[in-house]
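Note that the coordinates shown come from a computational prediction; the quantities given were computed from them, not determined experimentally.
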Amino acid sequence: MSTLTVKAFGAESTTADLKEMTIERRATTPKDVEIEILYCGVCHSDLHTARNDWGGSLYPVVPGHEIVGRITSVGSDVSKFKVGDLAAVGCMVDSCGHCDSCKEDLEQYCLNGFTGTYNGKDKHLGGHTFGGYSQKVVVDEHFVLSVPENLDLAAVAPLLCAGITTWSPLRHWNVGPNSKVAVVGLGGLGHMAIKLAKGLGADVTLFSRTPGKTEDAKQLGADHVVISTDDSQMDTVKGKFDLIIDTVPYEHDINPYMQTLTLNGTLVLVGFVGEFSETEVSTRPMIFQRRSVAGSLIGGIAETQELLDFCGKHNIVSDIELIKMQDINEAYERMIKSDVKYRFVIDMQSL
């Protein structure tokens with residue numbers, strides 16, 4: 001298979017800073033779309049993969065799965081896109097296409113495993129996939145998304161991960177104008193959960209451990225802020241919420257939030273991946289009020305397109321800080337300290 005060489009930014013090892021390198025992309029096959037990358041969001045998953053925090057990272061690692069750009073080439077069988085179109089790529093670039101999940105437009109739950117935009121198995125060139133910290137990407141048209149022309153392109157990028165990660169549970173649990181939704185954690189995921197839940201017409205509450213985020217939450221669209229460390233405030237919202245979206249990325253106690261769910265209410269975890277090894281989760285509030293604890297990944301391709309179309313209609317994008325590619329190592333250190341409101345996005349022209 002013929003290839004093209006493109007510039008990228010990546011890590012050569014677990015302890016190495018990200019630096020400029022070159023990678024190989026496949027030339028467009030009949031079903032492929034080639035995209036010049038204009039902006040790429042920075043996700044916590046990028047950092048964890050670059051540093052092998054979760055194990056299994058393949059080096060060199062080129063992160064980035066919040067990709068927005070413009071199409072520069074299309075294969076002969078491509079029907080959905082043309083050269084010059086705005087396009088986006090999220091966390092997946094392939095799946096088996098024939099399992100029950102894929103047939104239901106739930107490629108993120110592919111029973112044979114989806115192919116991640118980076119650090120996945122490259123079915124075309126062998127080796128592993130490289131992400132959006134690069135000049136170009138070549139992707140099967142099924143996994144390419146259309147971007148509304150009216151939106152700020154840089155601020156669209158985080159919708160491809162932070163946005164769809166919170167949109168998918170909002171849609172699955174049928175959030176609408178009569179819903180009461182709470183969000184735990186005000187970061188990249190949390191700020192999108194507030195914006196999207198509000199866009200769907202829900203009454204939205206932020207749970208915060210300290211009062212310092214109240215003003216920011218209200219500006220993002222939250223109707224209420226409840227200080228979760230204040231027992232008297234927590235008492236006022238017992239049995240209130242139909243859905244709680246928990247975006248906290250580390251182990252924490254979810255028991256206090258369970259009491260605030262309605263009958264049949266659900267707390268869905270979208271931020272923490274791992275085991276609750278230190279905190280026991282009580283089944284009492286679940287059993288006596290038929291409450292649930294659930295998990296949710298990103299969304300499928302159809303659902304991600306639905307999100308982008310919704311955001312185009314309602315002019316919803318992420319709050320971002322634009323950086324140069326050369327500043328990515330500093331951005332990673334700031335991300336660890338939660339020193340960003342609320343998502344870094346790389347201007348890929350700097351590469």
Side-chain angles (χ1 to χ4, degrees), residues 1-4 6 8 10-11 23-35 37 40-41 43-50 52-69 71 73-75 77-78 80-81 87-146 157 159-165 168 273 296-305 307-308:
M1 174 175 281
S2 58
T3 62
L4 54 146
V6 301
I23 59 172
E24 297 296 310
R25 299 287 195 194
R26 68 180 184 270
T28 51
T29 70
K31 292 293 288 182
D32 281 339
V33 171
E34 179 189 277
I35 301 169
I37 301 173
C40 186
C43 176
H44 271 277
S45 301
D46 299 352
L47 184 156
H48 291 312
T49 304
N52 199 29
D53 292 337
W54 296 333
S57 292
L58 302 170
Y59 293 92
V61 166
V62 176
H65 57 203
E66 299 177 345
I67 299 167
V68 176
I71 294 174
S73 176
V74 297
D77 293 341
V78 170
K80 300 176 185 175
F81 302 97
V89 177
C91 302
M92 303 178 287
V93 292
D94 209 346
S95 70
C96 79
H98 56 74
C99 71
D100 289 345
S101 295
C102 288
K103 288 178 180 177
E104 293 180 21
D105 293 325
L106 298 171
E107 299 93 344
Q108 76 274 32
Y109 301 123
C110 176
L111 299 179
N112 296 298
F114 69 79
T115 300
T117 303
Y118 60 83
N119 215 49
K121 183 178 180 180
D122 191 324
K123 298 179 182 179
H124 298 268
L125 299 180
H128 60 278
T129 54
F130 297 118
Y133 295 8
S134 57
Q135 290 175 308
K136 292 184 178 182
V137 67
V138 178
V139 181
D140 184 289
E141 74 165 333
H142 178 76
F143 290 86
V144 178
L145 300 142
S146 297
L159 299 179
L160 281 304
C161 180
I164 188 57
T165 297
S168 190
V273 179
S296 181
L297 197 59
I298 52 173
I301 297 302
E303 193 170 51
T304 307
Q305 188 62 63
L307 162 68
L308 290 172

With no hydrogens and no angle check, is any side-chain donor or acceptor of [X] less than 3.5 Å from a backbone partner on [Y]?
{"X": "Glu107", "Y": "Ile301", "value": "yes"}
{"X": "Thr115", "Y": "Val93", "value": "no"}
{"X": "Tyr109", "Y": "Gly299", "value": "no"}
{"X": "Thr117", "Y": "Met92", "value": "yes"}
{"X": "Asn52", "Y": "Gly56", "value": "yes"}

How would you list, by chain and number, every residue that makes a side-chain contact (heavy atoms from CB on, under 4.5 Å) with [X], sequence neighbours excluded?
{"X": "Leu58", "value": "Asn119, His128"}
{"X": "Thr304", "value": "Leu145, Leu160, Ile164"}
{"X": "His48", "value": "His44, Asp53, Trp54"}
{"X": "Cys91", "value": "His65, Cys161, Ile298"}

### Query
Taking it one step at a time, do Leu308 and Leu159 satisfy side chain to side chain contact (heavy atoms under 4.5 Å, CB included)?
CA-CA 8 Å; Leu308 290 172; Leu159 299 179; 4.0 Å; yes
### Query
Going by atom types alone, do Ser2 and Arg26 pair a side-chain donor with an acceptor below 3.5 Å?
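No, no side-chain donor-acceptor contact under 3.5 Å.
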### Under the ring-ring contact (aromatic ring centres under 6.0 Å, His included) test, residues paired with Phe114 that sit two or more places apart
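Result, ring-ring contact (aromatic ring centres under 6.0 Å, His included) vs Phe114: none returned.
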### Query
What's the verdict on salt bridge (charged side-chain N to carboxylate O under 4.0 Å, His left out) for Lys80 and Glu141, showing C-alpha distance, side-chain angles and the deciding distance?
CA-CA 7 Å; Lys80 300 176 185 175; Glu141 74 165 333; 5.4 Å; no
### Message
Just to verify, what does Asp94 make a side chain to side chain donor-acceptor pair (under 3.5 Å) with, not counting sequence neighbours?
### Response
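Partners of Asp94 under the side chain to side chain donor-acceptor pair (under 3.5 Å) test: none.
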